[in-house]
Amino acid sequence: MTTPTGQVVLLGRLREIAGPAHVLTEQACAPYLTDWRKLVTGRALAVVRPATTEQVRDVVRACLEHGAPVVPQGGNTGQVAGATPDDTGRAVVVQMGRMKRIRSIDIENDTLVVEAGCVLQEVQEAAGAAGRLFPLSLGAEGSCLIGGNLATNAGGTQVLRYGNARELTLGLEVVTADGEIWNGLRALRKDNTGYDLRDLYIGSEGTLGIITAATLKLFPLPVAQRTALAAMGGVEQAVALLTRARSVLGADLTGFELMSSVATDLVLRHYPDQRVPLRAGAPWFVLLESSDSESAERAASRFEALLAAAFEAGEIQDAAIAESVAQSRAMWHLRESITLALAAEGKCAKHDISIATSRIPGFVTSTDALLQQRFAGVRSATFGHLGDGNLHYNILQPSGTPATTFVEVQNELSRLVHNAVRDHAGSISAEQGIGGLRTADLQRYEDPVKLDLLRRIKRALDPAGLMNPGKVLP
Ligand SMILES: Cc1cc2nc3c(=O)[nH]c(=O)nc-3n(C[C@H](O)[C@H](O)[C@H](O)COP(=O)(O)OP(=O)(O)OC[C@H]3O[C@@H](n4cnc5c(N)ncnc54)[C@H](O)[C@@H]3O)c2cc1C
């Protein structure tokens with residue numbers, strides 16, 4: 001553990017490495033010390049903003065030498081407080097925003113090498129400028145960084161077609177917890193040379209090392225896209241529509257998002273310029289999108305045939321197909337505004353869960369009923385990536401009740417939800433990770449043998465225990 005004198009020496013060393021302008025202390029650190037949901041505020045000795053992989057390595061080495069914890073941070077949009085230091089004030093936050101070079105693009109190999117500090121949207125744009133698609137897409141894409149996406153193995157809205165961040169990555173460059181640079185940027189689609197370190201660092205939430213660059217996969221841009229919003233009476237109908245859409249569209253089905261009317265009503269309340277473009281009200285909506293590789297005509301006819309058949313089968317009550325890019329964007333905007341509307345609404349117990357799609361209707365019906373029995377009046381603002389079996393099963397305090405009453409029961413409520421997830425053979429963290437908020441849940445619900453293996457990996461790769469301590473494994 002570093003002493004006060006050691007801290008002064010460490011600060012001096014960090015200034016030498018990154019330049020004095022890029023070592024923030026005291027008040028200047030504040031924007032980096034509270035998580036996106038404003039649930040946790042920590043303290044830090046400094047926030048360092050390195051510009052190169054070598055600077056990241058030297059920062060990690062200096063911290064190791066002085067026993068200072070290292071907290072990697074990207075865009076700080078994570079939902080589980082993984083990038084927030086504890087309140088001891090000893091940690092050095094390594095904010096990656098200055099490492100934002102697109103290093104290279106290889107069209108023949110369909111790959112792109114980017115630094116960890118590139119904003120996700122910039123990566124999408126770089127791919128688009130080369131006539132290719134980088135399909136990772138999520139509501140925070142204008143501010144999250146690709147390094148953060150990889151460290152959390154982010155999911156998003158096109159997983160059912162292209163996979164999670166892990167499936168989109170061929171190689172990584174990492175500064176290890178020992179302060180070494182591992183160059184694993186090889187752009188290979190096949191490489192069976194020993195244990196897969198890439199897959200170990202992806203999703204490790206900054207607890208094993210700092211990702212400094214990545215080789216990402218590119219895909220052809222779709223020739224035409226169709227987007228629709230469909231209304232239905234229940235989650236069962238939404239799952240039936242998903243099964244139908246998969247069999248009609250196959251790999252061309254690129255988005256399938258479920259939204260309860262509780263969630264969309266919140267968006268309309270907090271963002272009155274938005275609207276649900278359907279005539280009748282319904283308890284559930286699905287936003288679906290297809291991407292066609294042949295022609296606009298083919299895309300339109302298959303999409304319309306799918307919705308007509310679903311209407312005839314009683315799966316949907318109403319549907320609106322976007323007639324322009326602007327209408328499609330407005331539908332996605334409605335979906336992507338839910339997280340922000342929830343934050344504006346008040347206290348919310350959030351659960352990022354994953355369950356086999358076939359079991360989701362039963363889960364929602366039985367868990368909603370259990371919640372009403374035990375916590376009458378709470379509001380289930382459920383939405384999520386139904387195509388991946390991933391629900392954001394979020395529970396809001398009853399309208400008109402004080403937030404403090406809800407905070408008192410929140411742990412009990414989350415226990416009820418996570419017990420139900422376990423009973424449905426699901427996962428308590430689908431895409432957001434464990435961070436600092438779900439460590440106790442991981443211990444409670446994860447297989448003990450797996451937990452033991454995770455701890456042994458952590459000890460082997462971070463023997464000093466200084467890499468994002470307290471996150472994932474307490
Ligand atoms: C409106 C909104 C919508 C969202 N939608 C989705 C969604 O659909 N799908 C989804 O998966 N997530 C979603 N998220 C959550 C969040 O955007 C993702 O988790 C994102 O991948 C985090 O990236 P970040 O750069 O903000 O990382 P941060 O929040 O800064 O960090 C997240 C974790 O990664 C670690 N980390 C960051 N950078 C590095 C690095 N270079 N090396 C090692 N560790 C690092 C941190 O220590 C921390 O543990 C959403 C968030 C918001 C606010």
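Ligands are counted one by one from 1 in listed order, and the atoms in each one are counted from 1 as well. One-based numbering along the sequence shown.
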**OP:** Look at ligand 1 and say whether Lys471 reaches it with a heavy atom at a distance under 4.0 Å.
**Re:** no
Original post:
Given the rule in the side chain to side chain donor-acceptor pair (under 3.5 Å) test, do Glu431 and His385 qualify, once you have shown the distances and angles that lead to the verdict?
Top reply: CA-CA 10 Å; Glu431 63 174 6; His385 317 293; 3.0 Å; yes
Subject >> His385 near ligand 1 by a heavy-atom separation under 4.0 Å >> reply: yes
Original post:
Quick one: does ligand 1 sit under 4.0 Å from the side chain of Leu145, the backbone, both or neither, non-hydrogen atoms only?
Top reply: both
Subject >> Option whose closest heavy atom lies nearest to atom 51 (C) of ligand 1, chosen from Asn76, Thr212, Thr84, Thr77 >> reply: Thr77
**OP:** Using heavy-atom distances, let me know which of Val71, Asn149, Asp35 sits nearest atom 21 (O) of ligand 1.
**Re:** Asn149
Subject >> For atom 5 (N) of ligand 1, the option (of Ala214, Gly117, Gly139) bearing the nearest heavy atom >> reply: Gly139
Original post:
Given Val472, which of Leu208, Leu442, Thr439 fulfils the side-chain contact (heavy atoms from CB on, under 4.5 Å) condition?
Top reply: Leu442
Subject >> atom 36 (N) of ligand 1 - nearest protein heavy atom and its distance >> reply: Ala151 CB, 3.5 Å
**OP:** Using a strict 4.0 Å threshold on nitrogen-to-oxygen distance, state whether Lys217 and Glu167 make a salt bridge.
**Re:** no
**OP:** Walk me through it: do Leu278 and Phe285 pass the test side-chain contact (heavy atoms from CB on, under 4.5 Å)?
**Re:** CA-CA 10 Å; Leu278 295 171; Phe285 300 100; 3.6 Å; yes
Original post:
Under a 4.0 Å heavy-atom limit, does Glu205 contact ligand 1 with its side chain, its backbone, both, or neither?
Top reply: both
Original post:
Is any side-chain N of the basic residue among Arg37 and Asp35 closer than 4.0 Å to the acidic one's carboxylate O?
Top reply: no
**OP:** Would you please determine whether Gly209 falls within less than 4.0 Å of ligand 1 on a heavy-atom basis?
**Re:** yes
Subject >> From CD1 (Ile355) to CG (Asp388), nearest 0.5 Å >> reply: 13.5 Å
Original post:
Is the shortest side-chain N to carboxylate O distance from Lys100 to Glu115 below 4.0 Å?
Top reply: no
Original post:
Which bit of Leu340 is near ligand 1, meaning a heavy atom under 4.0 Å away: side chain, backbone, both or neither?
Top reply: neither
**OP:** Taking only Lys NZ, Arg NE, NH1 and NH2, and the carboxylate oxygens of Asp or Glu, determine whether Glu173 and Arg103 approach each other closer than 4.0 Å.
**Re:** yes
Original post:
For ligand 1, which atoms, with element, lie under 4.0 Å from some heavy atom of Ile210?
Top reply: 42 (N), 43 (C)
Original post:
Is Gly435 near ligand 1, meaning one of its heavy atoms is under 4.0 Å from it?
Top reply: no
